[in-house]
Amino acid sequence: MTPNPERTQKIETLLGITGTLLIVVALFLYILNEPVRIAASQGEILAVQLNEAMTLYAENCSVCHGLAGEGIGATPALDSDALRTMPAGDLTRVIADGRYNTAMPAWSQANGGSLSDFQVGELTALIQFGDWQATQDRVVNLGLAPLIPFTTDPDPVLLDAVALLPGGATLQAAITIYAAQCVACHGADGLGTSIAPALNDPLVRAKTADELSRVITNGSSGTLMAGWSNVLLPEDIAAMVTLIQRWEEVPSGAIPAPDVPVAVTAESLALGANLYSANCSRCHGPDGQGTQRAPALNVQSFIVNTPDPAIQQIITLGIPGTSMPAWGDKMTDADIQAVVGFLRQWEPTAPEVAVPVRIGQGGPPWLTNSTTTTTAPTAAPVTTPQTAVTPGAQATAAAATRQPGAGAGTGNGQGGGGPSGSQTTATETASWWQTLDWRILALVTGGLVIAFTLILMGYASLKKPERKK
Ligand code: HEC
Ligand code: HEC
Ligand code: HEC
C-alpha cells in the first residue's frame, strides 16, 4: 500500500464536495417543506377555531342571521362575498361594536356583550373562511334551528273580504307583507309567539302612527326586531302601521299559522330514530305502522296532512284524555324536533291507505293478537317502503359526514395561502407536499447521505488497486 497523496487528496475532495452537496440538498428539501409544515399547523389551528365558531354562531347569531348565514327578513346574510372580502379588522369591529340603533347588538365584553375578543375573532374567521353547510348542521344538531325563515299564505276568501273595507287595498297589501315577513315572529293573526309580542294587542294598537313607524323602520336595538327600512318601502311601512292600528277589523284566520318544516341532519335523524324506538315504537309500532295501542304514523293520511309544527305540538303536549303522553317535560325541543324529522322521512314512502287501529274500532285482522303476528303481515305494506327509505337516509348521512371534512380541507388551504393568498392555488400547490412529513424527509435524506458516502468510499478503495497497475 503505497500512499498516493495526489489520489487520496482527489478522493477526499470528491467526498467533501459530494457530502456538501448532499447536505445542501437535504437542507433545501427541509426548507422547501417548512412552510407547508407551518401552513399545516396553522390550518389545524384555523380548523379548531372554525369549529368553535360554528357553536358560537349557533348559540348567538343564528336566531337573527339564519340557519346557514342566509339572513332572515330584514337581517342581512352573513354568507356573502362582500363580508368574505372585507378587511378582517373592519368585520371584527362590526361584531364587537354592533351597529348603533339597529337590532345588531355589540358582542365584545368591552361593549357589554358576552363574547371575548378571541371569540369575536373566531366568528370573523367563520364569516370569512367558514363552511356554511357545516354550520347549518351544527345549528340543527344543537337544536337551535331558528323557526324562521317561514311565511304563510293569507286566506284568499278573507283577503277578499278585507278588500271591501274602507281603505281595503292598503290592508290587503299589509296583510300580504305581514304573511311574508312578520308572521314568523309575531305569529298568526298578529297574536304573538314566544319570540315576539302580539301586534293586534290593544296596547300596541293604541300607540301613535309615528311610534309604530319608527320601530318598524329602525327596529328595536338589541332585540330580534330588525329595522325594515332596507327591505320595505316607506309606503309599505305606512301600510303596516295601518294594519296594526285597524287590526280589530281584520277577520281572524286571515293570516294562518305557517308550516315550518323542521331541519334535519344525519345526526338528528339518527337521534330521532333512537328516541322513536326507545319511546314510541311500543305503541306506534317499530316502523310506525301502528299497533293495538296507538294509530299508525307511517301512513299518508297522517304524515302528509300534518305539518311539522303540528306534530311537534302533539308530541310536546300529548293528546289529553288518551294514552298519548306529553313528552315536553321528558324530551328537549331538539329531541322532539329530531323525532319529527325522523317521522317526516316516512312521507315519500308511507302507505296510502289509512289504517285505523284504535282498540275496539275493528282494525285489520293482524291486530287481534298483536305480539306474534305483527311482523309477518305488516311486512308486505310497510317493510318495502322502509327499505326504500334506508338508502336515501344513508346517502344523506354520507353527504352530511362529508361536509365537515370539506370544511377542514378549505381551512388548510386557507392557512397554506397565508392571509391574502388565493385559496385555490394554495390548495393545489400544497396537495402533494402536504402529504410529505418533514421528519420522514429528513430521515430519508440522512440515509441517502450516508449511503452515498459509503458507496463513494467503497468505489475509491476499489479503484485503488486498478490504478496501481
Ligand atoms: C338580534 C338580532 C341579531 C343578532 C342576534 C345578531 N345580529 Fe348581526 N345583524 C343584525 C342586524 C339587524 C344587522 C344589520 C344592521 C344594519 O342595519 O346595519 C346585523 C348586521 C351584522 C353584520 C354586518 C352585515 C353587513 O352586511 O354589513 C355582521 C357581520 C353581523 N351582524 C354579525 C353577527 C354575528 C357574528 C352575530 C353573533 C355573534 C350576530 N350578528 C348576531 C341582527 C343581529
Ligand atoms: C325576527 C323576529 C321579528 C320579525 C321578523 C319582526 N319582528 Fe317586530 N318585533 C320583534 C320583537 C322581538 C319585538 C319586541 C322588541 C322589543 O322588545 O323592544 C318586536 C316589536 C315590534 C313592534 C313594536 C311592538 C310594541 O310593543 O311596541 C312592532 C310595531 C313590530 N315589531 C312590527 C313588525 C313588523 C311590521 C314586522 C314585519 C315587517 C316585524 N315586526 C317583523 C321581532 C320581530
Ligand atoms: C302509551 C302508548 C303511546 C306512546 C308510548 C306514544 N304514543 Fe303517540 N299516541 C298514542 C295514542 C293512543 C294515540 C292516539 C290518541 C287519539 O286517540 O287521538 C297517539 C297519537 C299520536 C300522534 C297523533 C297521530 C294522529 O293520527 O293524529 C302522534 C303524532 C304521536 N302519537 C306520536 C308519538 C311519538 C312521537 C311518540 C314517542 C315519543 C309517541 N307517540 C308515544 C299512544 C302512544
Side-chain angles (χ1 to χ4, degrees), residues 61 63-66 69-80 82-83 86 94 97-106 146-156 158-193 195-252 254-256 258:
C61 323
V63 64
C64 289
H65 289 284
E70 75 278 18
I72 296 176
T75 309
L78 298 185
D79 177 8
S80 88
L83 294 179
M86 185 171 177
V94 174
D97 301 349
R99 283 265 169 86
Y100 184 68
N101 232 340
T102 75
M104 174 64 186
L147 281 178
I148 26 195
F150 62 82
T151 62
T152 181
D153 289 322
D155 185 289
L158 296 177
L159 201 59
D160 285 348
V162 166
L164 302 174
L165 299 169
T170 308
L171 286 179
Q172 263 194 327
I175 287 173
T176 310
I177 293 173
Y178 184 92
Q181 306 283 15
C182 324
V183 72
C185 295
H186 290 288
D189 288 329
L191 289 167
T193 65
I195 54 174
L199 294 184
N200 74 357
D201 181 295
L203 286 176
V204 180
R205 265 188 251 145
K207 297 199 171 182
T208 66
D210 271 358
E211 275 179 287
L212 291 173
S213 174
R214 203 172 324 116
V215 67
I216 299 172
T217 307
N218 300 328
S220 182
S221 123
T223 75
L224 287 179
M225 180 65 189
W228 289 85
S229 54
N230 296 332
V231 177
L232 299 179
L233 300 169
E235 59 260 38
D236 293 336
I237 293 177
M240 300 316 292
V241 172
T242 309
L243 170 66
I244 293 170
Q245 291 186 321
R246 293 179 58 188
W247 213 305
E248 84 256 34
E249 299 170 47
V250 176
S252 70
I255 308 169

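The analysis underlying the following values was restricted to heavy atoms, covering all of them including side chains, and did not include hydrogens, waters or symmetry mates. None of the values given here were measured: they were computed from a predicted structure.
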Indicate yes or no: at least one non-hydrogen side-chain atom of Ser80 is less than 4.5 angstrom from one of Met86.
->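 Answer no - side chains too far apart.
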Does a side-chain heavy-atom distance below 4.5 Å link Glu248 with Asn200?
->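 Glu248 does not reach Asn200 side chain to side chain.
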Ring geometry between His186 and Tyr178 (parallel below 30°, tilted from 30 to 60°, perpendicular above 60°) |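 Tilted: the ring planes of Tyr178 and His186 meet at 30° to 60°.
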Donor-acceptor pair, side chain of [X] and main chain of [Y], under 3.5 angstrom:
{"X": "His65", "Y": "Pro76", "value": "yes"}
{"X": "Gln245", "Y": "Lys207", "value": "yes"}
{"X": "Gln172", "Y": "Leu159", "value": "yes"}
{"X": "Ser220", "Y": "Met225", "value": "no"}
{"X": "Asp189", "Y": "Ile255", "value": "yes"}

Show your reasoning for whether side chain to side chain contact (heavy atoms under 4.5 Å, CB included) applies to Ile244 and Ile216.
-> CA-CA 11 Å; Ile244 293 170; Ile216 299 172; 4.1 Å; yes
So how far is it from Thr217 OG1 to Asp210 CG, rounded to the nearest 0.5 Å?
->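 Spacing of OG1 (Thr217) from CG (Asp210) equals 10.0 Å.
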Could you state the interatomic distance from OG1 (Thr170) to CG (Leu165), rounded to the nearest 0.5 Å?
->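 Thr170 OG1 to Leu165 CG: 11.0 Å, rounded to 0.5 Å.
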Provide the closest heavy-atom pair for Asp155 versus Leu158 in the form atom of the first, atom of the second, distance.
->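 Smallest heavy-atom distance, with atoms named: OD1-N, 3.1 Å.
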